[in-house]
Q: 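My questions all concern the structure below.
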Amino acid sequence: MSEVQLKSLGELIRSRESGCGLPGEVFIRSDIFDTDVDVFFHKHWILVGVTADIPEPGDVSVVDIGKASIILVRDDDENIRAFRNVCRHRGARLKDAGKSTVGKLVCPYHQWTYDLDGSLCHTKHMGKHFDPTCRSLLPVHTKVVGTHVFVCLADEPPADIGKLEATMAPRFAPYDLQNTKIAHEAEIIEDGNWKLVMENNRECYHCEAGHPELTVSFLPEDFGFSTDEMTEESLRALDDYHKRNDASQQGWEKEGLLCSPVEELGGDVATQFRTQRLVIAGCGESQTMDTKVACQKLLGRSSRRDLGDTHMWTHNSWTHVMSDHAMISYIIPLTPEKTLVRTKWLVHADAIEGVDYDVNKLTEVWVATNAQDASLVAINHRGAQDPGYIPGPYSPFTETYVDQFVDWYAARLKAHGV
Ligand code: FES
Ligand SMILES: [Fe+2]
């Protein structure tokens with residue numbers, strides 16, 4: 001019997017027809033999944049949390065990513081640090097995934113004990129020649145931008161996180177995002193490969209039919225519809241929307257609120273991101289069912305409710321910041337066909353549930369949207385595994401960012417020798 005020769009990931013990518021999707025094999029093979037995790041989640045900067053996950057000294061949040069695990073901790077000086085979740089004795093995991101509060105980090109196996117700065121401060125029975133100073137926890141590169149906690153497990157992390165920081169820090173600054181609390185968080189394990197989760201996030205082709213709640217706050221036509229195929233009425237609505245957007249942007253820019261799009265999405269960048277401030281439809285305030293703020297206590301010091309939606313994408317996250325709340329989702333690949341999507345809704349640290357905000361009103365748009373996206377990703381993943389699947393063309397109007405994501409994926413693999 002002859003052995004079936006599997007194509008390499010490089011061969012599969014090169015077999016992709018320009019402007020079309022990737023072959024189904026890249027979403028299911030475990031060897032490709034391992035390469036993806038190694039390249040895109042261990043060698044690039046990824047979002048793994050927000051500052052409000054660990055608000056006080058001693059607060060710990062542990063995030064598992066593939067075989068690696070990271071401890072995020074707020075130290076005694078209120079700095080956020082990250083360490084490999086591996087004991088320097090015989091390698092036991094120090095903490096399980098999730099959040100907790102500690103005085104020190106104590107290994108459950110033989111009780112080696114680490115300070116919150118990672119230094120080994122206590123061991124028993126190691127003898128007088130044992131030098132604890134060279135057994136500190138291994139630090140992980142960390143970068144906090146706004147409230148977003150990015151980490152990179154590479155020895156030499158990509159330097160272009162600096163561009164993201166320089167772009168996003170002034171855009172997030174008016175919202176004082178570190179002075180927030182988590183009003184709600186949710187996890188979904190989607191039945192799809194992480195790349196399909198991100199591809200789905202990069203287009204709004206599916207929004208008009210798939211997201212009745214989300215499309216209350218924007219005009220689907222604005223996301224790259226082909227104007228040749230639009231009705232007179234839709235064209236008029238789009239024109240009105242653009243006029244309103246332009247007027248709003250002029251007003252925001254005058255107040256120093258940055259609006260213009262910034263895109264770092266090409267294959268030459270390691271840390272890909274996109275940002276823009278977009279107008280919100282309807283009452284123009286927030287991504288809620290009535291487009292009004294869901295939290296009466298606004299973020300930062302602004303009294304304006306109509307600050308639009310400052311969004312940010314990275315290759316494992318999407319964020320929307322409005323005057324009253326921020327919604328931040330990030331993904332962690334679990335297996336070739338399972339992806340964790342973790343979402344946090346942030347409000348002002350002093351906002352009081354039941355007085356300033358109602359959790360249902362705050363979360364209902366994205367709870368519904370995430371569930372709808374999970375269903376869409378699942379049917380995409382299942383169908384793409386069918387032997388009859390031949391990747392079709394992306395829309396040149398409304399799927400350009402998907403095409404760009406796949407190009408970036410291919411370029412980054414090449415940059416890492418795949
Ligand atoms: S493995 Fe941690 S103390 Fe032994
Ligand atoms: Fe969606």
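Small disclaimer: the values here were computed from a predicted structure and weren't measured. Atoms within each ligand, like the ligands themselves, are counted from 1 in listed order.
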Q: Output the list of atoms in ligand 1 that are nearer than 4.0 Å to some heavy atom of A92, sorted by atom number.
A: 1 (S)
Q: With respect to atom 4 (Fe) of ligand 1, please indicate if H110 possesses an N, O or S atom at a distance under 2.8 Å.
A: yes
Q: Of all heavy-atom pairs between G267 and W408, which one has the smallest distance, and what is that distance?
A: CA-CD1, 4.1 Å
Q: Checking H89 against W112 for the ring-ring contact (aromatic ring centres under 6.0 Å, His included) test, could you report, in this order, the C-alpha distance in whole Å, the side-chain angles of both residues, the deciding distance, and whether it holds?
A: CA-CA 8 Å; H89 178 217; W112 281 28; 4.6 Å; yes
Q: For L177, does its backbone N or O pair with a side-chain atom of T180 as donor and acceptor, under 3.5 Å?
A: yes
Q: Which ligand 1 atoms are under 4.0 Å away from a heavy-atom of H89?
A: 1 (S), 2 (Fe), 3 (S), 4 (Fe)
Q: Just wondering, more than 12 heavy atoms not from K361 lying within 6.0 Å of its NZ?
A: yes
Q: Among all the protein's non-hydrogen atoms, which is closest to atom 1 (S) of ligand 1, and how far away is it?
A: R90 N, 3.4 Å
Q: Give the atom name of whichever N/O/S atom in D373 sits closest to the Fe ion (ligand 2).
A: OD1
Q: Number the atoms of ligand 1 from 1 as they appear, then name those within less than 4.0 Å of a heavy atom of W112, with their elements.
A: 3 (S)
Q: Is there an N/O/S atom in C207 that lies less than 2.8 Å from the Fe ion (ligand 2)?
A: no
Q: Please report the interatomic distance CG(D324) to NZ(K297), rounded to the nearest 0.5 Å.
A: 12.5 Å
Q: Go through the steps for F218 and L214 under the test side-chain contact (heavy atoms from CB on, under 4.5 Å), then give the verdict.
A: CA-CA 7 Å; F218 63 80; L214 187 63; 3.4 Å; yes
Q: Which atoms of ligand 1 sit under 4.0 Å from any heavy atom of Y109?
A: 1 (S), 4 (Fe)
Q: Decide, yes or no, whether a salt bridge links D407 with R16 under the criterion of side-chain N to carboxylate O below 4.0 Å.
A: yes
Q: Of the backbone and side-chain N, O or S atoms of H211, does one lie nearer to the Fe ion (ligand 2) than 2.8 Å?
A: yes
Q: Could you tell me whether atom 4 (Fe) of ligand 1 has an N, O or S atom of C107 under 2.8 Å away?
A: no
